[in-house]
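Let me begin by presenting the structure, written as structure tokens, before commenting on it.
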Amino acid sequence: MRAEDIPLFRRVAAFVFLMTADFFYGWAWNTVDVLRPFIRDDLSITLTQSGSLYSAQSAGALVGAVVLGQLGDRMGRRNMLFVIMLGYGCSLLAGVAVETYAQVLLQRFSLGVFMGGVFPIVVGIYVGLFAQGIRGRLAALYNGTFNGSAVMLGIALSSVAADNWRLLLWAGALPPVVLAGLAFVMLPNDRNLLPFGSTEVTVRSSRYRLPVAELFEPAYRRRTILLALMIGLNFFGSQAFLGWVTTYLRDVRHLADGTIGTLVAWQFTASIAGGFFWGWYADRYGRRRNAIGFVLGSMAIIGYLTLPDASSLLVFAGAAFGFMIASSVIWGPWIAELYPPHLRSTAASIFNWGRLISFFAPLITGAIAETFGLTIAMMLAAIAFTCAAGVWCILPETLVRSKEAVKP
């Protein structure tokens, strides 16, 4: 069956299900940052140790992206999404029972393995269901659910007592476990589906036992390495800033927990709005032009860390950061477009390869924070995002404009 032959309402329903899976994925992923100060206090661990929880989760995500992305291309993306939703739901729930630093490290690694497969699998599914000219806006909707989950987590945080933070793990863990089976109802069988715009001639299987090896063929090697570097710098910057923002607001700015939750909610709300803008912008002007968002986001970080102690100013700076950094919303479709259809999930897994660089971010920034203060450590984020923008600008453009498409 061709994707074009599936009724639009069925493809939209499939995408809504993917957004639902992503909402709870985002909730689960962001608990490592949003709940960091509460986990640190409850388990009596240091700043560096609390930062290493992100490292453990990222290490698991790297493993999961490589393994589950390839399994999705080989065994079916719908099948793997079912496994992944069960896996990350149960792994998040295991966080309720952890009592030691070693246990929480293991729990976060296990959670990361399953969450690492979400992005490559989901991108591989929806890129195959819709035309290129709307993929940026679809990515914005998809990104909005991730950021929307962070907004809801921030709101929930502001209304839950500090000693009841484990309730937020229950709230994020049970729904994906219950909903996982709907994958077989809501999603078409991608193993018998020709992606949108493809033909039987253009769709083939990888000639490698491990499809990831094909990403390093001479035709793709340079872009694969540059993509991994760009995404790694992005994750380093995100962890250097977002990973410590709740700790910074509480320990440096000395704000109340309710105010912190409100600031986090506004920041991610702006990211949702930014995602829609940058998704439209990428569909209209091309994938590479979104790099300007990272430059402007770096400027917002500097403002956030140097502005006077006023909640209104922090809301503005945080919202500006969230809006600008959302320019990366196009990365999922763009990465998939840079490679042939049979490699889409494997290629999209590059998104999590970048975590290899960010793996060291909490350890580096935690050590710097303990020596020079959190403000200096978080300034590294502005440098990382600016460097990522530079790499972004030298990668290929994939958008085919409609006027060019009709030329002989």
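Everything quoted here is computed from the prediction, not taken from an experiment.
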Establish, for the pair R287 and W392, whether the NZ or CZ atom is under 6.0 angstrom from the six-membered ring centre and no further than 45 degrees off its axis. no

Is the terminal nitrogen or CZ of R253 (NZ for Lys, CZ for Arg) located under 6.0 angstrom from the six-membered ring centre of Y248 and within 45° of that ring's axis? no

Heavy-atom pair of closest approach, residues [X] and [Y]:
X    : Y    : value
L263 : V315 : CD2-CG2, 3.1 Å
R11  : L129 : NH1-O, 3.0 Å
V245 : M378 : CA-CE, 4.1 Å
P188 : R78  : O-CD, 3.8 Å
Y220 : P340 : OH-CD, 3.3 Å
M230 : L395 : SD-CD1, 4.0 Å

Which class fits the ring pair W280 and F277: parallel under 30°, tilted 30 to 60°, perpendicular over 60°? tilted

Donor-acceptor contact below 3.5 Å, side chain [X] vs main chain [Y]:
X    : Y    : answer
R223 : P396 : no
Q70  : V66  : yes
D22  : T145 : no
R77  : I121 : no
T375 : L305 : no
D283 : R137 : yes

Kindly state whether the ring of F146 and the ring of F23 have centres lying under 6.0 angstrom apart. no

Can you name the residues that form a ring pair (Phe, Tyr, Trp, His ring centres under 6.0 Å) with F82, not counting sequence neighbours? F184

Contacts satisfying side chain to side chain donor-acceptor pair (under 3.5 Å) that involve residues 110-127 (not counting sequence neighbours) are S91-S110

What side chain to side chain donor-acceptor pair (under 3.5 Å) pairs are there with at least one residue in residues 173-186, not counting sequence neighbours? none

What's the spacing between [X] [atom1] and [Y] [atom2] if we round to 0.5 Å?
X    : Y    : atom1 : atom2 : value
L86  : L81  : CG    : CG    : 10.0 Å
Y25  : M115 : OH    : CE    : 6.5 Å
F236 : F385 : CZ    : CZ    : 10.5 Å
L215 : I335 : CG    : CD1   : 10.5 Å
I84  : F119 : CD1   : CZ    : 13.0 Å
I350 : W331 : CD1   : CH2   : 12.0 Å

Partner set under side-chain contact (heavy atoms from CB on, under 4.5 Å) for V113, not counting sequence neighbours: F109

State which residues pass side-chain contact (heavy atoms from CB on, under 4.5 Å) with I272; sequence neighbours excluded, sorted by chain then number. N147, V151, F276

Please step through side-chain contact (heavy atoms from CB on, under 4.5 Å) for the pair L227 and L338, ending with a clear verdict. CA-CA 10 Å; L227 282 169; L338 284 168; 3.9 Å; yes

Would you check, one step at a time, whether the test side-chain contact (heavy atoms from CB on, under 4.5 Å) holds for L62 with S58? CA-CA 6 Å; L62 176 61; S58 295; over 6 Å; no

Within the structure provided, determine whether [X] and [Y] are in side-chain contact (heavy-atom separation under 4.5 Å).
X    : Y    : result
W29  : Y54  : yes
Y304 : F241 : yes
I368 : L380 : yes
L18  : L187 : yes
W278 : I292 : yes
L43  : Q103 : no
F24  : Y88  : yes
F15  : Y142 : yes

Could you walk me through whether L93 and L169 pass the side-chain contact (heavy atoms from CB on, under 4.5 Å) check? CA-CA 6 Å; L93 193 58; L169 301 183; 5.9 Å; no

With sequence neighbours left out, write down each residue that passes side-chain hydrogen bond (donor to acceptor under 3.5 Å, both in side chains) with [X], or none if nothing qualifies.
X    : value
E397 : none
T31  : R108
D42  : R166
S298 : T386

With side chain to side chain donor-acceptor pair (under 3.5 Å) as the test, would you mind laying out the steps for S44 and Y101 before giving the verdict? CA-CA 9 Å; S44 300; Y101 175 58; over 6 Å; no

Output yes when R40 and D251 qualify as a salt bridge under the 4.0 Å nitrogen-oxygen rule, no when they do not. yes

Can a salt bridge be assigned to the pair D41 and R36 using a cut-off of 4.0 Å between side-chain N and carboxylate O? no

By salt bridge (charged side-chain N to carboxylate O under 4.0 Å, His left out), R288 pairs with (sequence neighbours left out) none

Listed by chain and number, what are the salt bridge (charged side-chain N to carboxylate O under 4.0 Å, His left out) partners of D190, not counting sequence neighbours? none

May I have the step-by-step check of side-chain contact (heavy atoms from CB on, under 4.5 Å) for V83 and L71, ending in yes or no? CA-CA 11 Å; V83 173; L71 288 175; over 6 Å; no

Do Y339 and T346 have side-chain N/O donor and acceptor atoms under 3.5 Å apart? no

CE/M379: more than 12 non-hydrogen atoms of other groups inside 6.0 Å: yes

Tabulate below the donor-acceptor pairs under 3.5 Å that side-chain atoms of residues 319-329 make, not counting sequence neighbours, or state none.
residue, atom, partner, partner atom, Å
S327, OG, N290, O, 3.1
S327, OG, M324, O, 3.1
S328, OG, I325, O, 3.2

